[in-house]
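Numbers here are sequence positions counted from 1. Note that the structure is predicted; figures quoted are calculated from it, not measured.
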Amino acid sequence: MNLLIVTACPNGQVTSVLCSRLLQAAAERLGWQTRVEVHDARAIGAPLSEADIAAADLVLVVKTGELALGRFVGKPLLQATPAEALADPQRFLREAPERARPYAEDAAAPSGRKRLVAVTACPTGVAHTFMAAEALQQAAARMGIELQVETRGSVGARNLLDEAAIAAADAVLLAADIEVDTARFAGKKVYRCGTGVALKQPQQTLERALSEARPLAEAAPSAGSAPAKSGEKSGPYKHLLTGVSYMLPMVVAGGLLIALSFVFGIEAFKEEGTLAAALMKIGGETAFQLMVPLLAGYIAYSIADRPGLAPGMIGGLLASSLGAGFIGGIIAGFLAGYSAKAIAHWVRLPASVEALKPILIIPLVASLFTGLVMIYLVGSPVAGMLAGLTAFLDGMGSTNAILLGVLLGGMMCVDLGGPINKAAYAFSVGLLASSSYAPMAATMAAGMVPPIGMAIATVLARRKFAQSERQAGKAAGVLGLCFISEGAIPFAAKDPLRVIPASIAGGALTGALSMYFGCKLMAPHGGLFVLLIPNAINHALLYLLAIVAGSLVTGVLYALIKQGEAQPLVASAQ
């Protein structure tokens, strides 16, 4: 048997590779010859050639989304899902020749089948982006909807939507917590919601996308009822998250470079010409200087598109130079964005010079307005307020520190990557530029507690959890170690009234202990793995103790109050 194996799981590359490897191994045990294609531009597996297809006796396609199969017309072909193929790969292969049918492209596309394209994007682009995409794919498969999802995560855009897919779609679903480019969807009906809604209610989201989508010009977020109904975060909050999402890579890179400079000693960077000094110059003096301009620039970009970018960055750099820090940068971003948007909307020019508006008029006037307001009105008061906040944080007593730790820790566990979680994280990240490192330590430690606590609960109360929940618990534990709070979402989505309070209790304890111990963290992400960098955090053992204590509280508490009903999870993280 000459077998071709094609796997296509666009939002779960690990699943694609796993399917291909297990099926290939099973085929080799049967003595079959195989050729494998993992359908992903950056994955393993060379594209099948025409000669490979011509020589094939059987084609197996394991996929979770839409995939063009026209090149296999006339060949015996069997389509399956990863779950079906991986349940028993060898048995699946033995039955495949009998189940396969000659592929006819026209027959494979039933008339009347609904088609959707979607884009998922969250501020950090680590968890919600991909978990929402996977949940939508699974729901679409159950509902018989053709769905292609483009993810815009921290590694960039994946599974890009092409013009043909967009043109053929009945509607476009934008499950995004940040602004995404919508120019390519001109003329299409668009439905907007947040990634959290798409993750927790994927089937309802798809139904709404088909029934409630509106033309792009009418689908822009507003303060009316539509965003509230769809669960979308809109207006200033979305603009702020967009700025934070573009700022985060700069903060992470800068923070880790600063932490690496401390490998040579806490004050080694003061010696000119050393590697420690070079690392501090790159991370502290360069990356962190760009942090606030990026934040302000992309807040303005979210509001006014490209014309707002230059005024926003100029205002952000002014905020840094005036000592107004990240708070000043946020103000500058909104000033630049809304002024650029107002100029674009209200200023009318002759057609002959209209083209100059986005490249000359808007940047000039908006930059002038933003700069003058920052210098004469905003800069000094905000700088004084930030200096006062920094002094308060640096000089607060143990009682105030514990209370702040409880607040930040609890906020990190309320909505697991949602707006409250992001607000606490953004506050702590912003303080890094002012050399206030203790809130960052408390925030990251508390953010690890919910998923680790769920993993502990599935071990302590094993009989109360279904097999799928126990497997999800293992994945949650790994995600927790990496500081991905969203690992607990599958549990919270199913049992929020028990999971959320248990998580808040553990997170608040961890935040309080971290602040009480005086832990200070230089790196804004990385979870426990930042402990591998010497001096990235002080009091490393006490920091670990805080995380362990909070995780045990969450795990034990949830194990005690969890009801012993074994039902499969609605959604699980890969």
*Asks:* When rounded to the nearest 0.5 angstrom, what is the spacing between CD in Gln203 and CG in Leu136?
*Replies:*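 Reported value, rounded in 0.5 Å steps: 11.5 Å.
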*Asks:* Side chains of Lys520 and Ile537: does their closest heavy-atom pair fall under 4.5 Å?
*Replies:*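 Side-chain contact under 4.5 Å: no.
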*Asks:* Is there a side-chain contact between Met247 and Tyr298 (heavy atoms, below 4.5 Å)?
*Replies:*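 Met247 vs Tyr298: side chains apart.
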*Asks:* List the steps, then state whether side-chain contact (heavy atoms from CB on, under 4.5 Å) holds for Thr554 with Met454.
*Replies:* CA-CA 7 Å; Thr554 294; Met454 293 303 102; 3.8 Å; yes
*Asks:* Just by distance, do the side chain of Arg214 and the backbone of Lys189 share a donor-acceptor pair under 3.5 Å?
*Replies:*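 Checking the backbone N and O of Lys189 against the side chain of Arg214, no donor-acceptor pair under 3.5 Å is found.
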*Asks:* Let me see the working for Tyr191 and Leu174 under side-chain contact (heavy atoms from CB on, under 4.5 Å), right down to the final yes or no.
*Replies:* CA-CA 6 Å; Tyr191 178 79; Leu174 299 180; over 6 Å; no
*Asks:* Should Leu408 and Ser428 count as side-chain neighbours, where that means a heavy-atom distance under 4.5 Å?
*Replies:*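 They are in contact (side-chain heavy atoms under 4.5 Å apart), so the answer is yes.
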*Asks:* Measure the OG1-CZ distance between Thr443 and Phe483 for me, rounded to the nearest 0.5 Å.
*Replies:*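 That separation rounds to 7.0 Å.
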*Asks:* What are the two closest heavy atoms between Val406 and Ala512, and how far apart are they?
*Replies:*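 Heavy atoms of Val406 and Ala512 come nearest at CG2-CB, 3.6 Å.
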*Asks:* Do Arg498 side-chain atoms and Ile561 backbone N/O form a donor-acceptor pair below 3.5 Å?
*Replies:*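 Confirmed, Arg498 side chain pairs with Ile561 backbone.
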*Asks:* Kindly give the heavy-atom pair with the smallest separation between Tyr425 and Met412, and that separation in Å.
*Replies:*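 The pair with the smallest heavy-atom distance is N-SD, 4.1 Å.
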*Asks:* Check Pro451 against Ala488 and note the closest heavy-atom contact, atom names and distance.
*Replies:*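 That closest heavy-atom pairing would be N-CB, 3.8 Å.
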*Asks:* Strictly distance-based, threshold 3.5 Å: is any side-chain N or O of Lys188 a donor or acceptor partner for the main-chain N or O of Ala169?
*Replies:*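 Answer holds: yes.
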*Asks:* Using a 3.5 Å distance criterion without hydrogens, assess whether the side chain of Ser514 forms a donor-acceptor pair with backbone atoms of Thr510.
*Replies:*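 Answer holds: no.
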*Asks:* Quick one: closest heavy-atom pair of Ala445 and Ile547, and the distance?
*Replies:*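 So the two residues come closest at CB-CG1, 3.7 Å.
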*Asks:* Between Ile456 and Tyr558, is any pair of side-chain heavy atoms under 4.5 Å apart?
*Replies:*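 No, too far: nothing below the 4.5 Å cut-off.
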*Asks:* Nearest 0.5 Å, what's the CZ-CG distance between Phe517 and Leu544?
*Replies:*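 So the CZ of Phe517 and the CG of Leu544 are separated by 11.0 Å.
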*Asks:* Before you tell me yes or no, could you show the steps for Val190 and Arg192 under side-chain contact (heavy atoms from CB on, under 4.5 Å), namely the whole-Å CA-CA distance, both residues' side-chain angles and the distance that decides it to 0.1 Å?
*Replies:* CA-CA 7 Å; Val190 174; Arg192 297 175 184 258; 4.2 Å; yes
*Asks:* Is any side-chain N of the basic residue among Glu150 and Arg152 closer than 4.0 Å to the acidic one's carboxylate O?
*Replies:*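 Salt bridge flag = yes for Arg152 with Glu150.
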*Asks:* Side-chain contact test, heavy atoms from C-beta onward, threshold under 4.5 Å: evaluate it for Leu206 versus Leu173 and give yes or no.
*Replies:*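 The answer is yes, as the side chains (C-beta and beyond) meet within the 4.5 Å cut-off.
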*Asks:* Is Leu521 close to Met444 at the side-chain level, that is, under 4.5 Å between some pair of heavy atoms?
*Replies:*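 Side chain of Met444 against side chain of Leu521, heavy atoms only: contact under 4.5 Å found.
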*Asks:* Which pair of heavy atoms, one from Leu557 and one from Ala502, lies closest together, and at what distance?
*Replies:*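 Result for this residue pair: CD2-CA, 3.7 Å.
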*Asks:* What closest approach, in Å, do Met250 and Leu294 show between heavy atoms, and which atom pair accounts for it?
*Replies:*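 It is CE-CD1, 3.4 Å.
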*Asks:* Has Lys114 got a side-chain atom pairing as donor or acceptor with Leu210's backbone, closer than 3.5 angstrom?
*Replies:*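 Flag not set: sc Lys114 to bb Leu210 has no pair under 3.5 Å.
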*Asks:* Side chains of Leu295 and Tyr246: closer than 4.5 Å at any heavy-atom pair?
*Replies:*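 No. Closest side-chain heavy atoms not under 4.5 Å.
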*Asks:* Quick one: does Thr458's side chain have a donor or acceptor within less than 3.5 Å of a partner on Ala455's backbone?
*Replies:*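 A pair under 3.5 Å: yes.
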*Asks:* Counting C-beta onward and ignoring hydrogens, is there a side-chain heavy-atom pair between Ser503 and Val449 closer than 4.5 Å?
*Replies:*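 They are not in contact (no side-chain heavy atoms under 4.5 Å apart), so the answer is no.
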*Asks:* Any donor-acceptor pair under 3.5 Å linking the side chain of Asp170 with the backbone of Leu116?
*Replies:*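 Between the backbone of Leu116 and the side chain of Asp170 there is no qualifying donor-acceptor contact (under 3.5 Å).
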*Asks:* Just do the side-chain contact (heavy atoms from CB on, under 4.5 Å) check on Ile504 and Ile500 with the steps written out, would you?
*Replies:* CA-CA 6 Å; Ile504 292 174; Ile500 298 300; 3.7 Å; yes
